[in-house]
Amino acid sequence: MKFIYYNLFFILVTLSSCSNASQPNDPIPEHETFKIQSKQVGEERIINVWTPKNYKTNTDSLPVMYMADGGINEDFPHIANTLAKLIKEKKIKPLLLVGIENTQRRRDLTGFTEVEKDKEIAPIVGGSEKFRAFIKEELFPEIEKRYRVTSEKSIIGESASGLFVMETFFLTPEMFDNYIAFDPSLWWNNHYLVRTAKEHLAKFPPTEKRIWFAGSNAEDIAPFTKELADIFKATNIVNLKWKFSDEPKEKHTTIFRATKEKAIIWTLNKRE
């Protein structure tokens, strides 16, 4: 497939901003906030945690959903509110949401790149490996210390955060049980993750994983989400449950909110 190069302005828009960040009409749910000094990323990070109703009045241990773009002025409020709604409607079982507030988003959510134009989006890119190590080695233990949690972990993200979700799925699939990505920026590094998908899937672990991903009408993303779906279909890994949601009527700026409920419901309900 021919790769289409897009101008730097468009790349800056799609990678640097939380295009679906919470709007003022998103009520900020009751939550807890703490700070963690990370050796991996070399800075203090703010963590927001939402717990479902009745968590404090019972002794149940719950699964956890993690998200980058997890600040109060980012995507944390509308995802927490969505989880609360779906739990109340009994469409999903209770779980915790852990949001990681951004500091240098373009650094943390991008992997390495050999494309010079990619490197122009920020002073530092390619920090996803250290960010992933922060989550695994520092944040996971802290959440397990502070909250009653099971071993089941999910991760959710859109755009550059969706790229991080997909990169984590391919490079370290054992890290999470469930992966959700909306319009992931798969064009990064000349669509490296798509080009190497078969190679990574050939080494896929034996444990069951679930991945849901969606593509809008964005011309720099849609071809690659569709190509990735074809690869999953052809590979047909028995212990990998996957679903691709092709959303040609949605824009990059609308797909997260438009499809989040069905994404979460499918991913967290372990049935065919």
Side-chain angles (χ1 to χ4, degrees), residues 20 22 26-34 47-70 72 74-100 135-136 139-158 161-162 164-166 168-169 172-182 205-214 237-245 255-272:
N20 292 290
S22 296
D26 281 313
I28 298 175
E30 183 178 347
H31 66 283
E32 298 175 352
T33 298
F34 66 88
I47 308 300
N48 297 303
V49 180
W50 173 84
T51 57
K53 187 178 179 180
N54 300 329
Y55 172 79
K56 294 180 180 179
T57 59
N58 62 39
T59 58
D60 295 343
S61 295
L62 301 179
V64 185
M65 177 175 285
Y66 290 84
M67 62 180 297
D69 294 340
I72 296 305
E74 299 171 324
D75 288 318
F76 182 81
H78 82 86
I79 293 301
N81 292 333
T82 299
L83 293 178
K85 174 178 179 289
L86 295 177
I87 292 169
K88 183 178 180 180
E89 295 172 348
K90 300 187 183 303
K91 293 180 178 178
I92 62 171
K93 294 180 180 180
L95 75 163
L96 276 66
L97 178 67
V98 175
I100 308 165
I135 295 173
K136 182 178 181 180
L139 184 55
F140 282 177
E142 190 67 21
I143 293 299
E144 291 166 3
K145 182 175 70 174
R146 290 172 175 261
Y147 298 92
R148 302 187 311 275
V149 299
T150 68
S151 61
E152 183 178 346
K153 301 178 182 69
S154 304
I155 184 169
I156 188 171
E158 61 93 23
S161 185
F164 180 77
V165 170
M166 300 302 286
T168 301
F169 170 80
T172 58
E174 289 284 17
M175 191 167 165
F176 294 93
D177 300 283
N178 309 306
Y179 295 81
I180 304 175
F182 307 84
T207 51
E208 182 171 317
K209 304 294 177 183
R210 293 175 75 87
I211 182 167
W212 185 102
F213 62 105
I237 298 174
V238 176
N239 57 301
L240 174 61
K241 309 302 180 185
W242 65 276
K243 187 173 183 64
F244 169 56
S245 188
I255 191 169
F256 197 179
R257 291 176 183 267
T259 62
K260 60 183 178 178
E261 288 196 16
K262 65 181 181 181
I264 293 168
I265 290 170
W266 181 88
T267 306
L268 297 185
N269 286 291
K270 310 287 185 177
R271 52 181 184 263
E272 293 299 316

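These values consider heavy atoms only, across backbone and side chains, with no hydrogens, waters or symmetry-generated copies. Note that the structure is predicted; figures quoted are calculated from it, not measured.
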**Study point:** Any I72 side-chain heavy atom under 4.5 Å of H31 side chain
**Key:** yes
Review point. Taking C-beta and beyond as the side chain, do V149 and F140 meet within less than 4.5 Å on heavy atoms?
Key: no
Review point. Please walk me through it: do F176 and I135 pass side chain to side chain contact (heavy atoms under 4.5 Å, CB included)?
Key: CA-CA 11 Å; F176 294 93; I135 295 173; 4.3 Å; yes
**Study point:** Those residues that, when tested against K209, pass side-chain hydrogen bond (donor to acceptor under 3.5 Å, both in side chains) (two or more places apart)
**Key:** E174
Point to revise | Interatomic spacing from CG in L268 to CG in L83 - rounded to 0.5 Å | key: 7.5 Å
**Study point:** P52 versus I87, closest heavy-atom pair with distance
**Key:** CB-CD1, 4.0 Å
Check your understanding: Between atom NZ of K260 and atom CD of E158, what is the distance when rounded to the nearest 0.5 Å?
Key -> 11.5 Å
Exercise for review: Using salt bridge (Lys or Arg N to Asp or Glu O under 4.0 Å) as the criterion, list what pairs up with K262, not counting sequence neighbours.
Suggested key: E247
Study note, to complete from the structure: When every non-hydrogen atom of W50 is compared with those of A84, the smallest separation belongs to CZ2-CB, 3.6 Å
Review point. Between I100, L97, I155, which is the residue that forms a side-chain contact (heavy atoms from CB on, under 4.5 Å) with M67?
Key: L97
Exercise for review: Take Y66 and T168 through the test side chain to side chain contact (heavy atoms under 4.5 Å, CB included) and record every step on the way to the result.
Suggested key: CA-CA 12 Å; Y66 290 84; T168 301; over 6 Å; no
Practice item. Report the C-alpha separation of F34 and V49 in whole Å, then their side-chain angles, then the decisive distance to 0.1 Å, and conclude whether the side chain to side chain contact (heavy atoms under 4.5 Å, CB included) test is met. Key: CA-CA 8 Å; F34 66 88; V49 180; 3.9 Å; yes
Review point. Within the distance-only criterion (no hydrogens, no angle test), does the side chain of N239 pair as donor or acceptor with the backbone N or O of P206 below 3.5 angstrom?
Key: yes
Check your understanding: Excluding sequence neighbours, so at least two apart, what forms side-chain hydrogen bond (donor to acceptor under 3.5 Å, both in side chains) with N48?
Key -> T33
Review point. Partners of T259 by side-chain hydrogen bond (donor to acceptor under 3.5 Å, both in side chains), sequence neighbours excluded?
Key: none
Review point. Can you name the residues that form a ring pair (Phe, Tyr, Trp, His ring centres under 6.0 Å) with F213, not counting sequence neighbours?
Key: F232, F244
Study note, to complete from the structure: NE2 of H78 to CZ of F256, rounded to nearest 0.5 Å, is 4.5 Å
Check your understanding: To the nearest 0.5 Å, what is the distance between CZ (R146) and CD1 (I47)?
Key -> 9.5 Å
Practice item. Anything under 30° is parallel, anything over 60° is perpendicular, the rest tilted; go ahead and classify W212 against F182. Key: tilted
Practice item. Show the numbers, then the answer: is there a side chain to side chain contact (heavy atoms under 4.5 Å, CB included) between N178 and I156? Key: CA-CA 9 Å; N178 309 306; I156 188 171; over 6 Å; no
Practice item. Nearest 0.5 Å please: distance from the CG atom of L86 over to the OG1 atom of T82. Key: 6.5 Å
Review point. Any donor and acceptor pair, going by atom type alone, linking the side chain of R210 with main-chain N or O of K241 inside 3.5 Å?
Key: no
Practice item. Say whether, by atom type as modelled, one donor and one acceptor occur between the side chain of N81 and the main chain of P27 under 3.5 angstrom. Key: yes
**Study point:** Nearest atoms (heavy-atom pairs only) where N269 meets K91
**Key:** ND2-O, 2.9 Å
**Study point:** T267 OG1 to D177 CG distance, which is reported to the nearest 0.5 Å
**Key:** 12.0 Å
Point to revise | Pairing residues for N58 by the side-chain hydrogen bond (donor to acceptor under 3.5 Å, both in side chains) criterion, not counting sequence neighbours | key: R148
Exercise for review: Could you tell me how the ring of Y55 sits relative to the ring of Y147: parallel (under 30°), tilted (30 to 60°) or perpendicular (over 60°)?
Suggested key: tilted
Practice item. Identify whether the distance between the nearest side-chain nitrogen and carboxylate oxygen of K93 and D60 falls below 4.0 Å. Key: no
Point to revise | Nearest non-hydrogen partners of W266 and I211, listed with the distance | key: CZ3-O, 3.7 Å
Practice item. In plain terms, say whether K85 and E261 are close enough for a salt bridge, that is, a side-chain N and a carboxylate O under 4.0 Å apart. Key: yes
Check your understanding: For I180 and A263, which heavy atoms make the closest approach, and how far apart are they?
Key -> CG2-CB, 3.9 Å
Study note, to complete from the structure: For V165 and G157 the tightest heavy-atom approach is CG2-N, 3.8 Å
